[in-house]
Amino acid sequence: MAQTAVIGAGFVGLSTAWHLMRDGHTVTLYDPVGAAGGASFGNAGTFATYACIPVNNPSVFRDIPHFLLDARSPFRLRLAYLPQLAPWLARFLLHSTAARSQHTSRALAQLLARAQAGYDAMLQAPGLAQFVRPRECLYLYSSSRAFAQSQADLALRQTLGVVLDVLERDQVQALEPNLSPIFERGVLFRGSWYLSDPGGFLQTLQTDLQGRGLRVVQSAVTHLRPGPREVVVDCTDGTQRFDQVALCAGAYSRALAAQCGDAIPLDTERGYHLLYPNTSALIQRPVGWAERGFYMTPMARGIRVAGSVELAGLKPDKHAGLLKLLEHSSQRALPGLPAATEPWLGFRPTLPDGLPVIGHSRASQRVVYAFGHQHIGLTLGGVTGSLVADLVGGRTPGLDLTPFAPGRFG
Ligand SMILES: Cc1cc2nc3c(=O)[nH]c(=O)nc-3n(C[C@H](O)[C@H](O)[C@H](O)COP(=O)(O)OP(=O)(O)OC[C@H]3O[C@@H](n4cnc5c(N)ncnc54)[C@H](O)[C@@H]3O)c2cc1C
């Protein structure tokens with residue numbers, strides 16, 4: 001069995017640690033913040049096996065004027081970041097054509113079809129099942145036009161195996177009577193569920209793994225040096241050597257991959273959340289509002305409103321306008337909500353083609369990359385961990401990993 005290191009303690013890293021330990025490997029987990037210190041802490045909590053349509057699809061071209069000019073658009077691009085972002089953005093737009101976007105959807109659907117299996121055994125770990133809420137996600141449209149425009153996406157989802165029910169206005173109201181009656185149509189995604197506290201879930205998982213031998217180093221990895229017989233890992237606390245290393249540092253993975261010789265065009269789609277404490281009884285399930293780009297999820301501490309996309313890099317400053325929009329939009333959707341608290345910003349790791357990177361570093365079979373899960377890293381953490389364990393163990397994964405190859409960008 002191998003001495004392995006996992007870099008990053010989000011959904012991808014901790015799931016990878018779980019799968020590696022199940023195979024009998026020894027695992028050291030590095031993270032300067034600890035469990036769920038990144039995007040995994042503050043997401044909308046949905047296990048979204050229906051989410052095979054990437055943001056970069058042909059509707060992007062239709063929606064650009066709305067994105068740039070409408071104050072109600074949940075999308076923002078920071079002009080000062082544009083020079084740095086330009087190469088990524090150009091590729092992102094290139095991948096928004098119908099053919100490329102469908103390639104992404106098909107590849108995502110392959111992963112999503114295995115997402116539940118990636119978590120099934122893990123969910124038996126002590127204390128984890130209590131976080132799982134078996135309530136399906138409801139996605140809403142406040143205008144008939146937006147619903148009409150979503151028909152191609154819904155049809156593609158169904159072709160790719162997603163089971164959904166389309167609801168009329170009165171059926172939406174019957175399911176969620178506290179919602180404002182502004183929603184023309186809804187879509188209920190069968191088989192989806194959510195977590196009542198994504199951060200709590202990961203902390204519980206890490207505690208269980210530590211009880212079974214996981215070593216946690218709470219510091220940042222500064223250098224990765226793959227060699228023929230080992231990988232040298234430098235962190236702020238010293239140096240260690242491993243047989244195999246899995247790089248799962250989400251939006252922060254780019255620089256470490258570059259040290260292994262791979263120039264991977266990873267950037268970030270920033271997203272936000274707000275909390276309405278003690279309001280969870282107002283809705284029964286995660287409720288999304290398509291036109292405003294967010295979910296309201298009834299979590300353990302209250303309704304969490306999470307969403308928006310801001311292209312502005314890894315700086316920690318928050319966009320006050322997007323937070324206001326999230327607050328106003330959620331209060332419009334659910335009139336009983338009080339003032340929002342605990343604004344949070346997180347960094348979704350996103351490649352220009354909307355697909356994660358899962359595969360060996362080109363420089364070394366001893367380094368495996370697993371990052372770039374954009375809007376669905378919670379959903380895909382388990383299956384990604386199992387694929388990394390296949391690669392570390394020298395097994396052929398039961399899925400063609402070509403679409404996720406680190407070298408696909410040339
Ligand atoms: C607003 C919002 C809503 C979302 N909603 C959903 C949802 O409903 N469902 C869903 O499936 N997904 C959702 N997502 C996406 C999901 O949260 C991410 O895809 C996922 O968290 C990525 O997980 P990760 O483990 O790759 O990265 P992260 O969770 O970001 O973890 C990376 C970790 O690496 C650590 N790290 C960074 N640098 C180093 C270093 N040098 N050394 C060691 N460690 C390092 C960080 O501290 C961090 O803990 C949402 C995201 C956002 C922002």
Side-chain angles (χ1 to χ4, degrees), residues 5-17 28-51 74 108 111-112 115 119 137 192-195 198-199 201-203 206 216-224 233-237 245-257 259 266 268-274 286 288 293-297 299 304-310 314 322-323 326 343-351 354 356-358 369-385 388:
V6 174
I7 302 174
F11 272 98
V12 177
L14 272 160
S15 299
T16 296
T28 299
L29 177 69
Y30 289 90
D31 197 303
V33 188
S40 296
F41 171 80
N43 55 54
T46 63
F47 180 77
T49 40
Y50 52 86
L108 286 178
L111 280 180
L112 288 164
Y119 278 121
C137 303
S192 54
W193 44 263
Y194 75 99
L195 290 176
F201 177 93
L202 288 181
Q203 265 147 22
Q206 180 173 301
V216 175
V217 179
Q218 197 160 339
S219 54
V221 172
T222 52
H223 286 96
L224 263 188
V233 174
D234 296 329
C235 75
T236 39
D237 284 347
V245 171
L247 175 55
C248 313
Y252 303 90
S253 302
R254 183 177 180 149
L256 291 171
Q259 291 173 10
L266 175 71
T268 180
E269 292 177 84
R270 297 151 62 101
Y272 291 89
H273 88 216
L274 290 165
F294 70 85
Y295 272 99
M296 301 183 289
T297 306
M299 292 199 174
R304 176 183 286 179
V305 181
S308 317
V309 169
E310 185 189 22
L314 288 168
L322 275 176
L323 282 165
L326 260 190
W344 173 89
L345 161 67
F347 302 96
R348 301 182 189 94
T350 304
L351 278 303
V357 165
I358 306 171
Y369 299 142
F371 53 81
H373 293 73
Q374 37 105 334
H375 295 239
I376 47 175
L378 179 165
T379 309
L380 294 179
V383 61
T384 302
V388 174

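Order of listing sets the numbers, starting from 1, for every ligand and every atom in it.
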Heavy-atom proximity to atom 21 (O) of ligand 1 ranks first, among Gly346, Ser40, Gly288, for Ser40
For atom 33 (C) of ligand 1, what is the nearest protein heavy atom, given as residue, atom name and distance? Asp31 OD2, 3.4 Å
Once you measure the plane-to-plane angle for Phe347 and Tyr252, does it fall in the parallel (<30°), tilted (30-60°) or perpendicular (>60°) bin? perpendicular
Side chain or backbone, does Phe347 bring an N or O within less than 3.5 Å of an N or O on ligand 1? no
Tell me the closest heavy-atom pair linking Gln259 and Thr222, and the distance in Å. NE2-O, 3.0 Å
Contact (N/O only, under 3.5 Å) between Ala44 and ligand 1: yes
Atoms of ligand 1 under 4.0 Å from any heavy atom of Tyr30, numbered from 1 in the order shown, are 43 (C), 44 (N)
When every non-hydrogen atom of Thr384 is compared with those of Ala370, the smallest separation belongs to CG2-CB, 3.7 Å
Under a heavy-atom criterion of less than 4.0 Å, does Gly307 contact ligand 1? yes
Shortest heavy-atom approach to atom 9 (N) of ligand 1 - which of Thr46, Val233, Leu195, Val12: Thr46
I'd like to check whether Leu378 has a polar contact with ligand 1, where a contact means an N/O of the residue lying under 3.5 Å from an N/O of the ligand. yes
I'd like to check which ligand 1 atoms, numbered from 1 as shown, lie under 4.0 Å from a non-hydrogen atom of Tyr272. 1 (C)
Give a yes or no answer on whether the side chain of Thr297 reaches the backbone of Ala44 with a donor-acceptor pair at less than 3.5 Å. yes
Atoms of ligand 1, numbered as shown, that sit under 4.0 Å from any heavy atom of Val33: 47 (O)
How close do Ser15 and Gly381 get, heavy atom to heavy atom, and via which atoms? CB-O, 3.2 Å
Heavy-atom contacts under 4.0 Å between Tyr295 and ligand 1: side chain, backbone, both, or neither? neither
Measuring from the heavy atoms of Pro32, does anything fall under 4.0 Å of ligand 1? yes
Under 4.0 Å from a heavy atom of Tyr252: give me the atoms of ligand 1 that qualify, with their elements. 37 (C), 38 (N)
Check Gly377 against Val12 and note the closest heavy-atom contact, atom names and distance. O-CG2, 4.4 Å
Proximity flag His373 to ligand 1, non-hydrogen atoms under 4.0 Å: yes
Does any N or O of ligand 1 fall below 3.5 Å from an N or O anywhere on Ile7, backbone included? no
Are any of the side-chain heavy atoms of Leu266 and Phe371 separated by less than 4.5 Å? yes
Does Asn43 reach ligand 1 with a nitrogen or oxygen that is under 3.5 Å from one of the ligand's nitrogen or oxygen atoms? yes
Anything under 30° is parallel, anything over 60° is perpendicular, the rest tilted; go ahead and classify His273 against Trp344. parallel
Does Phe11 come within less than 4.0 angstrom of ligand 1, counting non-hydrogen atoms of the residue? yes
Donor-acceptor contact present, side-chain Thr379 to main-chain Thr46, <3.5 Å: yes
Verify, without hydrogens or angle tests, whether Gln374 (side chain) and Gly354 (backbone) share a donor-acceptor contact under 3.5 angstrom. yes
Note: heavy atom closest to atom 27 (O) of ligand 1, options Gly372, Ala51, Gly250, belongs to Gly250
Filtering Arg348, Gln374, His375 for the heavy atom nearest atom 19 (O) of ligand 1 leaves Gln374
Considering only non-hydrogen protein atoms, determine which one is nearest to atom 42 (N) of ligand 1 and report residue, atom name and distance to 0.1 Å. Val221 N, 2.9 Å
So if I count the atoms of ligand 1 from 1 in the order they appear, which ones are less than 4.0 Å from some heavy atom of Gly37? 49 (O)
